[in-house]
**Student:** 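First, the structure itself, so that you have it in front of you.
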Amino acid sequence: MVRCLGRVGVGFALVLLLGCQSIIAPVPLSVLEGNISFALSASTTMSTYPLTGATQLLHDPSVIRQGNTYYVFTSDWMGLPAGNYLPMRCSQDEVNWTECGSVFSQIPAWVQRKVPGATALWAPDISYFNGQYHVYYAGSTAGSQRSVIGLATNTTLDSTNPAYKWVDAGEVLESAHGDDFNAIDPNIAIDASGSVWMTFGSYWSGIKQIQIDPQTGLPVAKASHLSLATRPGVSNNPIEGASIVRHGAFYYLFVSVDYCCNANPATDNYKEMGGRSSSPQGPFVDSNGVPMLQGGGTVILEGEGTWNAPGGGTAYVDPVSGESLLVFHALKMTENGTPYLWAKQIQWQNDWPGLM
């Protein structure tokens with residue numbers, strides 16, 4: 001999700017609030033697109049909506065399965081009552097969803113100290129390693145690089161289990177004004193050797209990655225930031241919401257590009273796109289062979305008709321069953337742009353992702 005809620009507009013008049021400066025500039029759609037390409041199925045995957053239950057007012061989902069239950073974690077910034085930070089939804093069949101708790105009842109005090117004015121927690125990512133479930137999440141304010149990524153852990157996601165308890169593990173990463181990255185949109189990938197990597201970033205210089213110590217859940221000592229994807233030549237570098245999964249011989253980097261969260265949802269042009277690499281550190285290229293560090297990427301999902309601005313997604317490959325999912329949000333235009341949860345199967349075709 002675009003975390004600069006003051007960024008609005010597409011087409012020939014783009015008005016955005018970046019940090020504390022207002023910028024008004026003509027940005028043609030062709031410039032917004034840059035080097036991206038489009039899969040044949042990119043605009044034909046959202047004709048029907050099968051999900052029911054607690055699927056509304058939802059942004060930036062991440063999913064995992066424990067036992068027979070699927071758990072989705074989401075941002076809490078929009079339309080939710082206080083005391084419901086990083087809310088959870090549960091389903092036995094990936095179709096019928098119910099509310100099933102939240103990670104925090106209040107924003108951790110350390111987040112509020114680091115990011116004055118933070119009123120919500122964003123873009124949680126759920127993963128499992130070293131015998132624990134890890135939820136990485138972001139704290140920030142609109143259009144700011146004064147951001148933090150935090151971590152909460154639990155030994156189970158089943159709230160009926162006596163061992164169920166979220167533990168605040170504190171800060172993982174932070175950014176400040178002037179850095180070449182923004183510490184939001186975390187995602188965990190575990191490579192074939194068992195090494196743990198956190199991918200993150202939004203706007204500025206694009207998508208970054210850092211190695212994580214599986215024992216602590218924190219960056220390894222003196223770990224450097226790797227660059228995975230950016231959009232040179234595209235105004236404001238609108239790329240964020242990255243996730244990485246491994247399937248077959250490749251690692252796949254999924255990202256959200258362009259703009260969401262405008263005052264008029266009809267002007268949103270958020271999209272999901274991706275590329276692949278033989279290594280979780282890249283280089284990632286799209287289906288035309290264009291490196292994602294040179295603005296490449298193949299769009300697999302874009303708005304159409306009733307549903308607009310699909311994005312904020314997280315890819316998930318079940319380590320046991322091999323089931324491949326992409327969960328994301330999209331705006332229902334017949335309901336004034338209400339954001340809904342979507343969960344679609346990834347269909348791998350010639351080692352490239354498509355959606356069913």
Side-chain angles (χ1 to χ4, degrees), residues 1-8 16-23 25 59-60 75-77 85-86 103-104 106-125 134-152 168-188 196-213 216-232 234-243 255-257 259-261 281 293 312:
M1 179 186 71
V2 173
R3 299 325 188 281
C4 181
L5 300 185
R7 293 174 181 161
V8 293
L16 64 138
L17 179 66
L18 183 58
C20 297
Q21 296 182 344
S22 295
I23 303 173
H59 270 256
D60 313 317
S75 296
D76 54 60
W77 68 274
Y85 297 98
L86 304 179
V103 176
F104 295 121
Q106 59 185 8
I107 295 177
W110 72 265
V111 174
Q112 294 183 318
R113 288 195 302 270
K114 287 279 188 176
V115 188
T119 60
L121 301 176
W122 297 339
D125 178 74
H134 294 70
V135 171
Y136 291 85
Y137 61 91
S140 190
T141 55
S144 172
Q145 279 182 282
R146 190 172 187 179
S147 308
V148 294
I149 291 173
L151 171 63
D168 178 10
E171 181 183 319
V172 176
L173 189 67
E174 67 177 312
S175 59
H177 179 70
D179 288 334
D180 74 338
F181 67 96
N182 198 8
I184 65 172
D185 288 0
N187 172 258
I188 290 294
V196 181
W197 304 88
M198 186 176 74
T199 305
F200 61 95
S202 172
Y203 287 65
W204 281 273
S205 64
I207 305 302
K208 306 295 185 179
Q209 187 185 78
I210 195 169
Q211 188 171 7
I212 295 293
D213 182 338
T216 65
L218 304 177
V220 301
K222 298 182 180 179
S224 59
H225 295 176
L226 304 174
S227 293
L228 301 185
T230 190
R231 302 184 72 193
V234 179
S235 181
N236 311 309
N237 200 16
I239 183 170
E240 58 188 5
S243 62
V255 294
S256 296
V257 296
Y259 296 88
C260 89
C261 314
Q281 286 76 61
L293 279 172

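Side chains are part of it too, since the values below use all heavy atoms of this structure and drop only hydrogens, waters and symmetry mates. From a predicted model like this one, the values you see are computed outputs, not experimental measurements.
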**Student:** Would you please name every residue forming a side chain to side chain donor-acceptor pair (under 3.5 Å) with Ser147, sequence neighbours left out?
**Tutor:** Ser140, Asn182

**Student:** Working to the nearest 0.5 angstrom, can you tell me the gap between Thr199 OG1 and Asp185 CG?
**Tutor:** 11.0 Å

**Student:** Tell me, do Trp197 and Gln281 make a side-chain contact under 4.5 Å, heavy atoms counted?
**Tutor:** yes

**Student:** Under 4.5 Å between any side-chain heavy atoms of Pro219 and Val172, yes or no?
**Tutor:** yes

**Student:** Does the side chain of Trp110 come within less than 4.5 Å of Val148's, by heavy atoms?
**Tutor:** yes

**Student:** Within the 4.5 Å heavy-atom criterion, are Ser205 and Asp179 side-chain neighbours or not?
**Tutor:** no

**Student:** Grab the two heavy atoms, one from Ala183 and one from Leu173, that are nearest each other, plus how far apart they are.
**Tutor:** CB-O, 4.1 Å

**Student:** Which pair of non-hydrogen atoms, one from Ala242 and one from Ile207, has the smallest distance, and what is that distance?
**Tutor:** CB-CG2, 3.6 Å

**Student:** Would you say Tyr136's side chain and Met198's backbone share a donor-acceptor pair under 3.5 angstrom?
**Tutor:** no

**Student:** With a 3.5 Å cut-off and no angle check, do the side chains of Tyr259 and Asn236 form a donor-acceptor pair?
**Tutor:** yes

**Student:** Are Thr230 and Asn237 close enough that a side-chain donor and a side-chain acceptor fall under 3.5 Å?
**Tutor:** yes

**Student:** Would you compute the distance between atom CG of Asp168 and atom CD1 of Ile107 and round it to the nearest 0.5 angstrom?
**Tutor:** 12.0 Å

**Student:** Taking everything shown except Gln112 itself, do over 12 heavy atoms lie less than 6.0 Å from its CD?
**Tutor:** yes

**Student:** Identify the two heavy atoms, one from Tyr137 and one from Leu151, that lie closest to each other, and give their separation to 0.1 Å.
**Tutor:** CE2-N, 3.5 Å

**Student:** Are any side-chain N or O atoms of Arg231 and backbone N or O atoms of Gly206, one a donor and one an acceptor, separated by less than 3.5 Å?
**Tutor:** no

**Student:** Do the ring planes of Phe181 and Phe200 sit parallel (below 30°), tilted (30 to 60°) or perpendicular (above 60°)?
**Tutor:** perpendicular

**Student:** Can you name the closest pair of heavy atoms from Lys114 and Arg146 and give their distance?
**Tutor:** O-NE, 3.1 Å

**Student:** In a table with atom names and distances, give each donor-acceptor pair under 3.5 Å that connects a side chain of residues 220-228 to protein atoms at least two apart or in another chain.
**Tutor:**
unit_1, atom_1, unit_2, atom_2, d
Ser227, OG, Lys208, NZ, 2.8

**Student:** Show, in sequence, the C-alpha distance, side-chain angles and deciding distance for Leu86 and Phe104, and conclude whether the side-chain contact (heavy atoms from CB on, under 4.5 Å) test is met.
**Tutor:** CA-CA 7 Å; Leu86 304 179; Phe104 295 121; 4.2 Å; yes

**Student:** Looking only at the side chains, is there a donor atom on one of Ser75 and Asp60 sitting less than 3.5 Å from an acceptor on the other?
**Tutor:** yes

**Student:** So does Asn187 get a backbone contact from the side chain of Asp125, meaning a donor-acceptor N/O pair under 3.5 Å?
**Tutor:** no

**Student:** If you measure from CD on Gln211 to CG on Leu218, what distance do you get to the nearest 0.5 Å?
**Tutor:** 13.0 Å

**Student:** Judged by atom type as modelled, is there a donor-acceptor pair below 3.5 Å linking the side chain of Ser202 to the main-chain atoms of Ile184?
**Tutor:** no

